[in-house]
Amino acid sequence: MGRKTQVSILLCSTLLLVGSFGLSAQDQRPSGGKIMRLTTEETVKRALDSNFALQNLRYELAKSDSNYLKSESQYSWRLVADGSFRQSILPFNQNNVFTGTKISNDTIKGGIEKTIRATGTYFKLEAGNTRFDSNAFEDKSNPLTAGFAGLALPPLYTGFITATISQDLLKNSFGYKGRNQEKILDNQAQMAKNQVSLQISQAIVGSLVDFWDYSVKLHSLKTYRKLQENVKDIRNLTIRKQGLGLSEGFEVNQWNALLAQADSQLETAVVQKEESKRKLARTLKLENDTDLSEETDLLEEMPEKPNFAKDLEIAYKKRTDYVNAVKDKENAELLLKNAKNDQLPTLTLSGSASSQAQTITTPEKNYTDSGDGVTSLKYKDYNGKVAFSYPLFDKGVYAGRRDSEITLRQASLKEIDLRNEVRDDVKGRIDSVEASYKIYKNSIVTESETQNYYNGVLRSFRQGRADAVAVKNALDTLVRDQLSLTQARVNFNIDLMRYYIAKNTLLERFNLDVDKLIPTLE
């Protein structure tokens, strides 16, 4: 065979190979599946609606103010009522000649009561009726009482409206401790809400990372599949060249080894892609036959240039752990104030005032008779009481104050430590996102230059000035740089989300209101 014939055959083989080298082949989608392209916002929405961890956190958010609301119940209006019934039967003797041997004393009353939030004052207003009945002088057969039969009375009804008030003047002076406790519970509710909102932000980032990780795995699979095809074509071309005497047998051995390596890389990529897909489908509750598009709306530029001073100020105002540390210190201060008040005596002033009326007809007349009834305010009953209590040598009270002082010092140290930690974290996140942005931009340049280099080697190969090994090396480099570019882009977006978390502004980034995340319970 002449040299011209050999060159012709080699040229034809080269043209066949060149047709299989391009890395821009159309993506082959599995038939029968649904192709879904998710945006970042859609992924977040699906995660909030479908992700079990996020749903659970949203329900925890709904319970964050439970202790505060339960404490509020002590300031609610209450409807109260009670009744007492008493009957005494005694033997007849000189002691009960005038009182009777059968006495009934029944009382029914009801009203409303409330502890006033602002002052801690207890107030109650009630109305009722007492029925008194005695058989005194009713026994006409008794010679001792028969002469006084005119003094016998039917049942006597006493109606009344009573207002009662009670106030602690020292230990809980005008609701001082109650207001402090209310503020503590309010702070605890806010702290729980802040903590859950941070966990929601972290879970959102986790869902996005799962989504982006699937995109990387899918792109890697496509790249390794194309790499396998190209290695196989080069191997086949080398075999044909060997038949023409243009290559050696050991070159075929080399390409067989490289093809086996490419097959292994492809199998690994398939497994990783399927694992990532299953995890994402579970997170977003996707149907089994749904295939996600490789296209994503990953950011390629920074929305705004980080500013350490400004970002640190925002972090101190919004960062959950630091804000909670500040509230924790405030709670410790309030607990110390209450502990100091616990060392004071208890001095309670209470009193009641009643308007009352009596009749022997019906209980209703005590309220309908405008002349002598309860509403006339003619007949009154006043009651006042002062109660003083002070435990002597109460070690528990002093231990409570000591512990409160220690808790306050611990909270102050924690606040200082977290302030420094937030400062370092914000600085670290800014450095990370700026570095990953530069790496991403450098990866774009690297991939572009590698693509140009590969195209140049390919042209030389077409012209017979480069061998297949040079093409393979250029192809390997291009594959590696394309994978690095995809990963660098994802890393930049992940670092950007973590930068938002460092400032606790991720929910604002997606226009999410924490209060609107609370699920509606029917």
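Along the sequence shown, the residues carry numbers beginning at 1. All values below were derived from every heavy atom in this structure, side-chain atoms included, with hydrogens, water molecules and symmetry-related copies excluded.
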Check whether [X] reaches the backbone of [Y] with its side chain - one donor and one acceptor, N or O, closer than 3.5 Å.
X      : Y      : result
Asn442 : Lys438 : yes
Asn383 : Gly351 : no
Asp133 : Ser104 : no
Arg489 : Glu300 : no
Asn135 : Lys102 : yes
Lys305 : Met302 : no
Ser88  : Ile103 : no
Asn491 : Gln487 : yes
Arg319 : Ala502 : yes
Ser215 : Phe211 : no

If every non-hydrogen atom of [X] is compared with every non-hydrogen atom of [Y], which pair is closest and at what distance?
X      : Y      : answer
Leu312 : Arg423 : CD1-CA, 3.6 Å
Val422 : Ala315 : CG1-CB, 3.8 Å
Leu507 : Ser201 : CG-OG, 3.6 Å
Ala189 : Asp65  : CB-CA, 3.8 Å
Lys329 : Leu408 : O-CD1, 3.9 Å
Leu170 : Asn341 : O-ND2, 3.8 Å

So, do [X] and [Y] sit near enough that their side-chain heavy atoms are less than 4.5 Å apart?
X      : Y      : value
Lys318 : Thr505 : yes
Ile161 : Glu126 : no
Val44  : Leu512 : yes
Leu496 : Leu299 : yes
Val323 : Lys317 : no
Asn324 : Asp328 : no
Leu413 : Asp417 : no
Leu198 : Ile501 : yes

Enclosure of [X] [atom1] (heavy-atom neighbours >12, cutoff 6.0 Å):
X      : atom1 : result
Arg78  : CZ    : yes
Lys177 : NZ    : yes
Lys414 : NZ    : no
Lys385 : NZ    : no
Phe308 : CZ    : yes
Glu313 : CD    : no
Lys441 : NZ    : yes

>> Set out, in order, the CA-CA distance, both residues' side-chain angles and the distance that settles side chain to side chain donor-acceptor pair (under 3.5 Å) for Glu113 and Tyr122, then state yes or no.
In response: CA-CA 8 Å; Glu113 66 177 5; Tyr122 172 78; 2.4 Å; yes
Atom [atom1] in [X], atom [atom2] in [Y]: separation rounded to 0.5 Å?
X      : Y      : atom1 : atom2 : result
Arg498 : Leu506 : CZ    : CG    : 12.0 Å
Glu333 : Ile184 : CD    : CD1   : 10.5 Å
Asn180 : Leu335 : CG    : CG    : 8.5 Å

> Can you check salt bridge (Lys or Arg N to Asp or Glu O under 4.0 Å) on Glu182 and Arg179, steps first, answer last?
Replying inline: CA-CA 5 Å; Glu182 182 182 0; Arg179 289 193 300 273; over 6 Å; no
> For Lys340 and Asp342, what are the C-alpha separation, side-chain angles and deciding distance, and is it a salt bridge (Lys or Arg N to Asp or Glu O under 4.0 Å)?
Replying inline: CA-CA 5 Å; Lys340 290 179 178 178; Asp342 284 339; over 6 Å; no
> Do Ile494 and Val490 pass the side chain to side chain contact (heavy atoms under 4.5 Å, CB included) test, and can you show the C-alpha distance, the side-chain angles, and the key distance before you say yes or no?
Replying inline: CA-CA 6 Å; Ile494 291 175; Val490 170; 3.7 Å; yes
> Do Met191 and Asn331 pass the side chain to side chain contact (heavy atoms under 4.5 Å, CB included) test, and can you show the C-alpha distance, the side-chain angles, and the key distance before you say yes or no?
Replying inline: CA-CA 11 Å; Met191 291 166 66; Asn331 284 350; 4.0 Å; yes
No-hydrogen, no-angle side-chain donor-acceptor test under 3.5 Å, [X] and [Y]:
X      : Y      : answer
Thr162 : Ser354 : yes
Thr121 : Gln167 : yes
Asn194 : Thr320 : no
Asp213 : Ser276 : yes
Tyr68  : Gln188 : no
Ser350 : Thr348 : no
Glu508 : Tyr500 : no
Tyr499 : Asp311 : yes

> After noting the C-alpha distance and the side-chain angles of Asn187 and Glu330, does the key distance pass the side chain to side chain contact (heavy atoms under 4.5 Å, CB included) rule?
Replying inline: CA-CA 8 Å; Asn187 284 343; Glu330 182 181 355; 3.5 Å; yes
>> As a test of understanding, state which of Thr158, Asn366, Thr107, Asp106 forms a side-chain hydrogen bond (donor to acceptor under 3.5 Å, both in side chains) with Thr130.
In response: Thr107
> Can you list the steps and then say if Glu301 with Tyr437 is a side chain to side chain donor-acceptor pair (under 3.5 Å)?
Replying inline: CA-CA 8 Å; Glu301 300 291 339; Tyr437 176 72; 2.5 Å; yes
> Does the cation-pi check pass for Arg117 over Tyr75, that is, NZ or CZ under 6.0 Å from the six-membered ring centre and within 45° of its axis?
Replying inline: yes
> Under the salt bridge (Lys or Arg N to Asp or Glu O under 4.0 Å) criterion, do Glu405 and Arg401 qualify, and how do the steps go?
Replying inline: CA-CA 6 Å; Glu405 291 176 344; Arg401 175 169 178 172; 3.4 Å; yes
>> Is there a side chain to side chain contact (heavy atoms under 4.5 Å, CB included) between His219 and Thr486? Walk through the geometry before answering.
In response: CA-CA 8 Å; His219 184 78; Thr486 302; 3.2 Å; yes
> Listed by chain and number, what are the ring-ring contact (aromatic ring centres under 6.0 Å, His included) partners of Tyr322, not counting sequence neighbours?
Replying inline: Tyr316
